[in-house]
Amino acid sequence: MKAAIVVFPGTNRERDMRIALKRVTGRDPLMLFHREELPKGLDLVVLAGGFSYGDYLRCGAMAAQSPIMKDIKDFATKGGHILGVCNGFQILIEAGLLPGGLLRNASLRFLSMDCHMRVERAGTAFTSRWQKGAVFRAPMAHGDGNYFADDATLDRLEGEDLVAFRYTDENGTVTEAANRNGSARNIAGILSPNLRICGLMPHPEDLVDPLMGGTDGLPMFESLADTFVSA
Amino acid sequence: MKARVYVMPKAGVLDPQGKAISHALEGLGFAGVNDVRAGKVIELDLAETDPAKAKSAAEDMARKLLANTVIESFRVELA
């Protein structure tokens, strides 16, 4: 798997992401600064978490206009796989690569804690190692993760089976209490219609080694490694 | 020519900041505040001197960057 992680000024989770990708592929992903061009022949582009451009204007809004995003949009148009986690999800939304918006958490508090998610869509490049309905734990750390979209968009996402993950309790039950940031319909992560772009707020990359306290997030990266096994 | 872009959370979109401000005002003893919505104002100093063109340019900027029209509405005023 040839993967690249894009680093904007203020990105701070790129090394966590590198550990997760290296763990499943055995080699370091490319680290690309936002002024560089996207090289050809990549399988996966990852937008990692952080506070790109200090969250100025809106989270992800500045990064979405940065020069490398033009290459990333071309990569998406050609069917490339893109993973956006936390601020990376916000950037994908601001760039128009995924629908909706991410509002300030309903509680107005920055949330730094573990959450549980249920896999709503298995069998994709990001989720093939899970069964539909599987529940896993992931840390989250964000101030603006309250997923919003109008009802028509939410209905379309659900109708086309593009909700990847939902916030649930540890038993996989959708509850209001498990939806700490107030996201519409407990949505934690979504997919593009071609299933090749995935964005989510929590951090699976931070639970990929027993030394981190668990390997709950590892299936996401094993799924990606399976998808690009020959590359 | 100066333009002011007012960006507000859309009607129907939860505005937790507005809600928190409302609660804080209540805590300070200000009665009768029915609702608070918090947005932002962006001031642009434009080289354009034609008001219609300046307004249309500012609106284009708002659509492409200054506002996220999924969650926010905007209004441009020329100053």
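In what follows, chains are A, B, ... by sequence order, proteins preceding strands, each numbered from 1. None of these values were measured; they are calculated from a predicted model.
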The interface call for Asp150(A) against chain B, heavy-atom contacts under 4.5 Å, is neither
Under 4.5 Å to a heavy atom of chain B? For Leu57(A) that would be both
If you tally heavy-atom pairs under 4.5 Å between each of Asn68(B), Leu14(B), Ile42(B) and chain A, the highest tally belongs to Asn68(B)
Comparing Gly12(B), Ala20(B), Ala67(B), Pro9(B) against chain A, the one with the most heavy-atom pairs below 4.5 Å turns out to be Ala67(B)
- Message: Evaluate Arg4(B) against Glu43(B) for salt bridge (Lys or Arg N to Asp or Glu O under 4.0 Å), listing each step before the verdict.
- Response: CA-CA 5 Å; Arg4(B) 257 192 206 125; Glu43(B) 287 186 343; 2.8 Å; yes
So which atom in [X] and which in [Y] form the shortest heavy-atom distance, rounded to 0.1 Å?
| X | Y | value |
| --- | --- | --- |
| Thr11(A) | Ala48(A) | CG2-CB, 4.1 Å |
| Tyr56(A) | Ala61(A) | O-CB, 4.4 Å |
| Glu120(A) | Asp161(A) | O-OD1, 3.9 Å |
| Gly101(A) | Val70(B) | N-CG1, 4.1 Å |

Okay, Glu72(B) and chain A: the region with an atom under 4.5 Å from a heavy atom over there is side chain
Report task. Evaluate the criterion side-chain contact (heavy atoms from CB on, under 4.5 Å) for residue pair Tyr147(A) and Asn181(A); output intermediate values, then yes/no. Result -> CA-CA 8 Å; Tyr147(A) 185 71; Asn181(A) 57 26; over 6 Å; no
> Do Ser223(A) and Phe126(A) have side chains that get closer than 4.5 Å, going by heavy atoms?
Replying inline: no
Practice task
Kindly indicate whether the side chain of Arg185(A), heavy atoms from C-beta on, has any atom under 4.5 Å from the side chain of Asp155(A).
Solution key: yes
| said: Using ring centroids (six-membered ring only for Trp), state whether Phe165(A) and Phe136(A) fall under 6.0 Å. | reply: yes
Tell me yes or no: between the side chains of Thr173(A) and Asn171(A), is some donor less than 3.5 Å from an acceptor?
no
Expected contact set for residues 28-38 of chain B against chain A at heavy-atom separation under 4.5 Å reads none
Item to complete: List the steps and the verdict of salt bridge (Lys or Arg N to Asp or Glu O under 4.0 Å) for Arg166(A) and Glu158(A).
Response: CA-CA 11 Å; Arg166(A) 244 184 258 272; Glu158(A) 292 188 325; 3.0 Å; yes
Could you go step by step and tell me if Asp60(B) and Lys64(B) meet the salt bridge (Lys or Arg N to Asp or Glu O under 4.0 Å) rule? CA-CA 6 Å; Asp60(B) 202 26; Lys64(B) 287 196 177 130; 3.4 Å; yes
Residues 71-99 of chain A vs chain B, non-hydrogen distance cutoff under 4.5 Å, contacting residues -> Glu94(A)
